[in-house]
Amino acid sequence: MNLITLTITLTALISLILATLAFWLPTMNPDSEKMSPYECGFDPLGTARLPFSLRFFLVAILFLLFDLEIALLLPLPWGNQLNSPTTTSTWTSAILILLTLGLAYEWFQGGLEWAE
């Protein structure tokens, strides 16, 4: 029972220290962008008919695509019920090579550049 009490006390103490540090350490310099409810850089109170940057959304969609693929790869070694670890490594390597080739293709086509 002493070990459980020590663990709970230590966890509570570390949480309290981290919460105190997170409250006192950051500098508060609010500006209009930080106070905005949207983080996209657009004025939320302006007109909805303004043109937007298609490059921004293209890069965001590419990020989501590759991020989703990596998230699907993480549980592969544990969730895959293949006969040998070599087969799992082969499939993982094949998916990673395919993702790398897709990233290289987007890079060479200029899909990751902000300005022309």
Side-chain angles (χ1 to χ4, degrees):
M1 200 63 176
N2 193 12
L3 182 63
I4 294 173
T5 307
L6 177 68
T7 304
I8 292 173
T9 305
L10 190 62
T11 303
L13 183 66
I14 290 173
S15 299
L16 184 65
I17 290 171
L18 288 176
T20 305
L21 284 175
F23 181 74
W24 289 107
L25 280 182
T27 58
M28 297 294 186
N29 295 329
D31 60 359
S32 63
E33 294 297 323
K34 288 183 182 178
M35 298 301 290
S36 174
Y38 301 102
E39 297 178 5
C40 61
F42 299 127
D43 183 20
L45 301 176
T47 179
R49 302 284 184 214
L50 291 176
F52 57 89
S53 172
L54 194 57
R55 293 266 184 204
F56 174 78
F57 290 105
L58 178 65
V59 170
I61 288 172
L62 286 173
F63 170 75
L64 288 175
L65 176 71
F66 287 111
D67 190 45
L68 178 65
E69 295 296 330
I70 294 299
L72 291 175
L73 272 178
L74 288 177
L76 186 66
W78 297 281
N80 206 348
Q81 301 295 326
L82 296 176
N83 294 333
S84 68
T86 308
T87 310
T88 304
S89 298
T90 304
W91 280 108
T92 304
S93 299
I95 293 173
L96 285 175
I97 288 170
L98 185 64
L99 284 175
T100 305
L101 289 175
L103 180 63
Y105 176 76
E106 285 294 328
W107 194 325
F108 289 130
Q109 291 295 320
L112 300 177
E113 302 207 5
W114 287 103
E116 295 183 22

Rest of the hydrophobic cluster containing Leu101 (Ile/Leu/Val/Met/Phe/Trp/Tyr, side-chain heavy atoms under 4.5 Å)?
Ile97

Out of curiosity, does Ile61 fall in the hydrophobic cluster containing Leu99 (side-chain heavy atoms, cut-off under 4.5 Å, transitive links)?
no

Validation: residues 13-20 side-chain donor-acceptor distances under 3.5 Å, sequence neighbours left out:
residue : atom : partner : partner atom : Å
Ser15   : OG   : Thr11   : O            : 2.9
Thr20   : OG1  : Leu16   : O            : 2.8

For Leu103, which residues count as a side-chain contact (heavy atoms from CB on, under 4.5 Å) partner, sequence neighbours excluded?
Phe66, Leu112

Hphob cluster co-occupancy, Trp107 + Leu96, side-chain heavy atoms under 4.5 angstrom
yes

Return the OG1 to CD1 distance between Thr9 and Ile4, rounded to the nearest 0.5 Å.
11.5 Å

Quick check for you: to the nearest 0.5 Å, what is the distance between Leu10 atom CG and Leu3 atom CG?
10.5 Å

Mind checking what makes side-chain contact (heavy atoms from CB on, under 4.5 Å) contact with Thr86, not counting sequence neighbours?
Ser84, Thr90

